[in-house]
Every structure is written in C-alpha cells, then in structure tokens.
2 protein chains.
Amino acid sequence: MTTITDVARAAGVSTATVSRVINNTGKVNELLAERVRGVIDELGYQPSRLARSLRTRRSRTWAVIISDIRNPFFTDMIRGIEDVAYKNNYAVVLCNAEEDDSKVASYIHLALSEHMSGLVVTPTYTHRIDLSPVLEEEVPLVMVDRKVEGYDFDSVLVDNVWGAEEAVEHLIEGGYRRIATIGGPVETTTGYERLLGYKKALQVHGIDIEEQFVRISTFREKGGYEEMRFLINLEQRPDAVFVANNLMTIGALRALHEANVAVPDEIAIIGFDDMSWSSLLRPPLTAVAQPTYELGAETAKLLLSRIDGYTGPGRQVVLSPTLMVRESSKPKLKSR
Amino acid sequence: MTTITDVARAAGVSTATVSRVINNTGKVNELLAERVRGVIDELGYQPSRLARSLRTRRSRTWAVIISDIRNPFFTDMIRGIEDVAYKNNYAVVLCNAEEDDSKVASYIHLALSEHMSGLVVTPTYTHRIDLSPVLEEEVPLVMVDRKVEGYDFDSVLVDNVWGAEEAVEHLIEGGYRRIATIGGPVETTTGYERLLGYKKALQVHGIDIEEQFVRISTFREKGGYEEMRFLINLEQRPDAVFVANNLMTIGALRALHEANVAVPDEIAIIGFDDMSWSSLLRPPLTAVAQPTYELGAETAKLLLSRIDGYTGPGRQVVLSPTLMVRESSKPKLKSR
DNA sequence: CTGTTAGCGCGTTCAT
DNA sequence: ATGAACGCGCTAACAG
C-alpha cells in the first residue's frame, strides 16, 4: 500500500505539498502540482480514508439506517438517496436495523464512531431511542418516513393521514360500510397517522367505528395474516379492509386466499405502498402509492444542505401519496 | 468525546494499561483492571473504531456488496449473513452496486481502504472485475450467487443448471413442447447456467431448440417485459416460458396481462426465485425457490473461517433449489 | 509558495 | 506487571 509519504519522496516534495495537491487547499506551484499528480497516477496512490477521517474528524460517507431491508418501500427509497449522494461524491453504507431499537442505537454509535458526515434514519419506534449523541457530535441527521418525538431534526414524510383517508373514502364511495383496518404500531408515526386517517374518513361520513374492526399489529407479513384471520372469523365480518403497509397486505391476502374469501366481492382490500407487482395480484390491488424515490432524494438534499453548513430549526418536507385504484376495491353493485 | 487518555488519567494509569484491559491482551493486575473498568463505565468510554482500525489495520466490519438492492433475493440473503455476523460481533455494511462494475470496484476500494475484515460480493459480470487488490491486501472474500472466472475465492452457489432443468422438465411433463426462455446475461454464471439447464432439459427429451425462443436480456423487469412482448408477437408463439429470475418474471407477467394472454392456458410460466407473494399472483406462480437465507448463512460461515485463519484452496458450497409447483404451469389437458 | 512539526486515538514495542 | 515512547497515514498550524 502506497502512502502519502511514498508519493512525497518520489516527487521530491513534502507530504504537506502532496496533501495540498490532493485536496486543492492552499496554493501550490502548478509545475510542482503537475509533478505530484504524475507520481500519484504512476504509483496508483489513493489516500487512506481511515487516516483522513481520523485527522479531519469527518468521513465522506453517509450511514442510512433502515428499519427493514426486506421492505421494498425502503429499498426504493435508498435509490433516491444514493443517486444524490454519488453526485456529490459521498459513499452510502446501509445498516439494517430489523425494527430493533438496540440495533439502531448500535449503528448510530458506529456511524458517529467512524465520523460519518451524515446520517439518515427511519426510526423504528418513536420512544426509546436516544439521539443525544448525535446532537452532541453535531452530525447532520435526517429522518425519513417516520419521526421521533422530542427532537428537532429535518424530516421527510408522507402525508399518511391524507393517504389513509383517501383510501377509506374511496371504499365508502364504493358503497362499503363495514370497513376494518389492519394497522401498524401506534408508537410509530406511520402507524398512528394511517390509523388517524382511517378514523377520520369514517367520522366524516358518520360511520361508527367498531372496536373489533381496528386491528393493531406489527408491520410484518405475519401480523397482517393473523389479523385478517381474526377478521374473517368474526360473526359479523367487515366488507372491506384497509391495510396499513405492504408486507401486512401480503399476509392479509394470503389469509383471504387460504380461506377462499372472494376479493372484492366478499371483502374489498386497499393496501398502503404500491409495488411493481401490485397489478399482477389476484385481484389487482388498490393501493396508496408513496413517492419512494422522491422521498429518498428529498432526504439527501436536506442532508446535503446541513452538511454544507445550513443551521436553523428542523425542516419538514411532506410529500403526498397517490391512490392507485384497481380491482380489489371495486365499487359494490347497488341500485342507485 | 472521551478518549483512552481520559480514561487513563482518571484511573491513574497509563494508556497502555487501559488498552490491555479493553483487549484482554497481556497481563494486568486484577485490582487495577477493575478500577479501569469502573472508570470506563463511568465515563461511558468507547474506543474509536477509526483509530483502532488505523492502528491494527483491521476493522471489525464486513462489507456486503450486492448487485441490486431492490431484488428481494438479495435482501433475504443478507439476513442470513447478518445473523451470523452479529453473533460473532461483526457489523455489516451493505453496498449497492446497481449491477454496475465501476461501483463494485469503488466499493471494494472503500472496503479495503477502511481495512474491513471481510468482504462478500455478488459479482455483476464475470469479466471486467479486478479483484487483485483484494488478493494483495489478503482480505478474506466470499462470492455468493455468482462467480468470477479466474479467481480462487470461496463461493456459495445455487445449482442453477439443475434448477432450470427441473423447471423445464416439469413443463415438458405437463405436455408443453414449444418452450421458450427469457434468460439473463450469459456473462453471469447465473445467466449462463440457467440457460444451460434449459437447453439440457430440451435436449434430453429430443426437443429442438428454436433460436427465436431463446431471449437474452438483463435481469431487470424491463427486460422481462420486452422479451415477453417479442414472444407474444411471434407468429408461432411458445406455449410455455421459463424466466430466469424474479424481476424479469414480473415484467413478463405484466406483458402477458396487458396483451390479455391467458396463463397457463395460452402460455405457461415458470420463474426463477420464489417470493412471499408468488402464490398471490394470478395465477399463482410456479417458481424455482432458492434457499436464500441459507445461502447467506453459509457465506458468512466461510468468511468467518477465513478470518479465523483458514488458508487453503477456494471452497465451493452448492445448495439445491426447490421447484414450487403452482398453477402457472398446470399440465395441458390431453388424452392419455 | 513550501517544508517542518505536531497530533487525531489508538495498540504495541521496549524498558523497567 | 506497568509505563514511556513511537507510529499507523493523514491534515493543519506555523515558519520561512
């Protein structure tokens, strides 16, 4: 491994000069600089990121801590972040927290310990997460998708209330009245807000909320499966279900198929999160599509501006989802 | 940020002693050690990974360079790697190469530059990738899913030939004879081997291979879509298609749906890679299921053994896929 | 403009 | 058994 000292010796200059050439800092005689660059090429020298980070206390890397790598929502979002990062010469490392708070904490520690210059976090739960080290080290951090209460970081969010409301509204307009929901943990902003939107739509239309119809679970496939089974087994089944994320929707659909419940004739379904294969499901799935790529890109832009020195109160970017209407929520046949 | 010097001062010892206590290296008076540990707890001291890595030339981190973060196959595999890594106290960072060789190279450089102690790579293409720096630095590397010719690294693979052969065989047994394939780049081992399995099955049964029926594309959804459109528009359509990965299968199904081609009545479909929602598609998709989690776990084990000092020629672990038979490949109705 | 010097936070000799 | 001193590779401060 060739070091800056090797380069300096070969070029007959000091390491300081080499450093200045590499970083375009300070003034260097163009002739000398040219010679140094020649040697660098010749030796294939590449600065050690480690030593550099140790010295400058900043590494040109962002850590993106996501709560579930298997969720396509996050992987799409990551693409948005990466594109902006690469354009600005940052490397991105992904950390998979598996919806586990302690893993989030340990990855945050990792990122700070490696002096990474930016942090993107999709929080798992709103409590129980201590971000004070991030504040102490003054490392820019942006939250995506979810927020953590009690901190004033920049955040990029989706209008979950509105998205959920639109979905349920669409069901009501289609003639459905016994509408259930399978929601995520209310300790997450996404879980809480989507539930809120569900309730709001029902209230606006003067439909009572049946307690049995509000099923709270994890955001995992298994939860969706189990809660849908519960709903199917009710004496008075719902005639439609709004499911608050993609993985739970898969579980819910599996339960319906297994029990031979016809969709949408017996129970209509709307999911949150559109996926490339939503239209290939039986029946094609109506879903609230989130602007995943843009979510990531906006996040990266906020992060960049913080790294570039912007200080000021936390900013919130809220993007709107879109309802993709397909057959799983087809209006009921009714005399009009 | 508290450093080892702070701890040493507070405990009234030298930094060398603190270092010895932390790393269990050398002999330290138990009483002293206890005192040092007390101070460490009190101050909440955590060693700087950066300084440590710079000094030891090894970081307790693995880099996993995957070729497409949006492919569920890879994200499932990652879980297998992570579980083993965490148990052995390694952190895992993910690098998304987007099927782009130059990104692979730059991430490899990043990993070496940060002195990471292990590397997992899912190569994009078999040529054009220079792994000599990895050999020079003697950093353990394991290949998963695909191989790069000309190197002798450990690798964990799936028996692609057999998987593809099983799939096509199943179609033949079902009475299909005009069987096409949509394959991936033959420069990848996965692309090449799955194509081989396809051809082998046909040959064994004495079925001629029609040149038009062998469609080679990228492993992306778009490629699957376009090639399926081509097949649909042929005067003499195939009656079955074997699609060589999950994303292309989605594209292929979309093309079929758009063109209102009945599956499997007009064209039967088998995909490679099973997904949690394969059974929810219309019709439920027959697919070659890969043991994704095990693939990751095996990879991690090989890596660990290398890190722990195993030297010796490259080892190959080959896992078998399983054909999940569903309706998209239903046998043709025939008089028997 | 260029070089010398110091030190980021550690682990590791080499004395004692 | 313990501490002093050094250096990993780099950038920043200070001279000249």
Side-chain angles (χ1 to χ4, degrees), chain A residues 1-37 39-40 43-61 109-117 137-139, chain B residues 1-37 39-40 43-61 109-117 137-139:
Chain A
M1 197 183 177
T2 76
T3 73
I4 199 172
T5 316
D6 302 331
V7 176
R9 188 161 27 219
V13 298
S14 74
T15 59
T17 302
V18 178
S19 173
R20 281 191 272 259
V21 171
I22 295 169
N23 300 302
N24 288 320
T25 161
K27 307 234 179 263
V28 177
N29 183 307
E30 187 48 37
L31 231 68
L32 250 192
E34 208 46 62
R35 195 161 86 217
V36 169
R37 275 190 281 267
V39 173
I40 288 178
L43 267 53
Y45 165 72
Q46 306 230 224
S48 154
R49 301 174 60 97
L50 229 43
R52 186 177 260 180
S53 303
L54 181 61
R55 180 64 236 240
T56 61
R57 303 169 155 282
R58 275 295 165 266
S59 154
R60 236 182 145 73
T61 308
H109 172 72
L110 177 77
L112 294 181
S113 171
E114 310 241 326
H115 294 297
M116 297 194 178
S117 51
E137 304 283 338
E138 298 188 331
V139 176
Chain B
M1 196 182 176
T2 76
T3 73
I4 199 171
T5 316
D6 301 332
V7 176
R9 188 162 26 221
V13 298
S14 74
T15 59
T17 303
V18 178
S19 174
R20 283 191 270 259
V21 171
I22 295 170
N23 300 302
N24 288 320
T25 163
K27 305 231 179 273
V28 177
N29 184 307
E30 187 47 39
L31 231 68
L32 250 193
E34 208 46 61
R35 194 163 86 217
V36 170
R37 275 190 280 268
V39 173
I40 288 178
L43 268 53
Y45 165 72
Q46 307 229 224
S48 153
R49 301 174 61 96
L50 228 44
R52 186 177 260 182
S53 304
L54 181 61
R55 181 62 236 244
T56 62
R57 305 167 154 284
R58 275 294 166 266
S59 154
R60 232 181 149 72
T61 307
H109 173 71
L110 177 77
L112 294 180
S113 171
E114 310 239 327
H115 294 295
M116 297 195 179
S117 51
E137 305 281 338
E138 299 188 328
V139 176

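The chains referred to below are lettered A, B, ... by the order of the sequence lines, with proteins before strands, and numbering in each begins at 1.
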(request) Select from B:E30 and A:R49 the residue whose nearest nucleotide in DNA chain D is closer to the 5' end of that strand. (result) B:E30
(request) Answer yes or no: are there more than 12 heavy-atom neighbours, outside B:E138 itself, under 6.0 Å from its atom CD? (result) no
(message) Show the nearest heavy-atom pair for residues A:V21 and A:A33, with the distance to one decimal.
(response) CG2-CA, 3.9 Å
(request) Could you check if a side-chain atom of A:Y45 sits within less than 4.5 angstrom of a side-chain atom of A:I22, using non-hydrogen atoms only? (result) yes
(message) Tell me the interatomic distance from B:R58, atom CZ, to D:dC8, atom C1', rounded to whole angstroms.
(response) 14 Å
(message) Between B:R9 and B:T15, do the side chains contain a donor N or O and an acceptor N or O under 3.5 Å apart?
(response) no
(request) Check whether any side-chain heavy atom of A:D6 sits under 4.5 Å from a side-chain heavy atom of A:T3, and report yes or no. (result) yes
(request) Specify the separation, in whole Å, of atom CG of A:D6 and atom P of D:dG9. (result) 8 Å
What protein N or O atoms touch nucleotides 10-14 of chain C N or O atoms at under 3.5 angstrom, if any, and at what distances?
residue, atom, partner, partner atom, Å
C:dC10, OP1, B:Y45, OH, 2.7
C:dC10, OP1, B:S48, N, 3.1
C:dC10, OP2, B:I4, N, 2.7
C:dG11, OP1, B:N23, ND2, 3.2
C:dG11, OP1, B:R52, NE, 2.7
C:dG11, OP1, B:R52, NH2, 3.2
C:dG11, OP2, B:S19, OG, 3.0
C:dG11, N2, B:R55, NH1, 2.4
C:dG11, N3, B:R55, NH1, 2.5

(message) By nearest heavy atom, map B:L54 and B:S14 onto DNA chain D; which one lands nearer the 5' end?
(response) B:S14
(message) Less than 4.5 Å apart, side chain to side chain, heavy atoms only: is that true for B:E114 and B:S59?
(response) no
(request) For A:H115 and C:dG9, give me the distance from atom NE2 to atom P, rounded to whole Å. (result) 7 Å
(request) Let me know the distance between CD of B:E114 and P of D:dC10, rounded to the nearest Å. (result) 13 Å
(request) Could you tell me the separation between the CD atom of A:E137 and the C1' atom of C:dC8, rounded to a whole number of Å? (result) 14 Å
(request) May I ask you to say what A:L32 touches in the nucleic acid, namely base, sugar-phosphate or nothing, with a heavy-atom cut-off under 4.0 Å? (result) sugar-phosphate
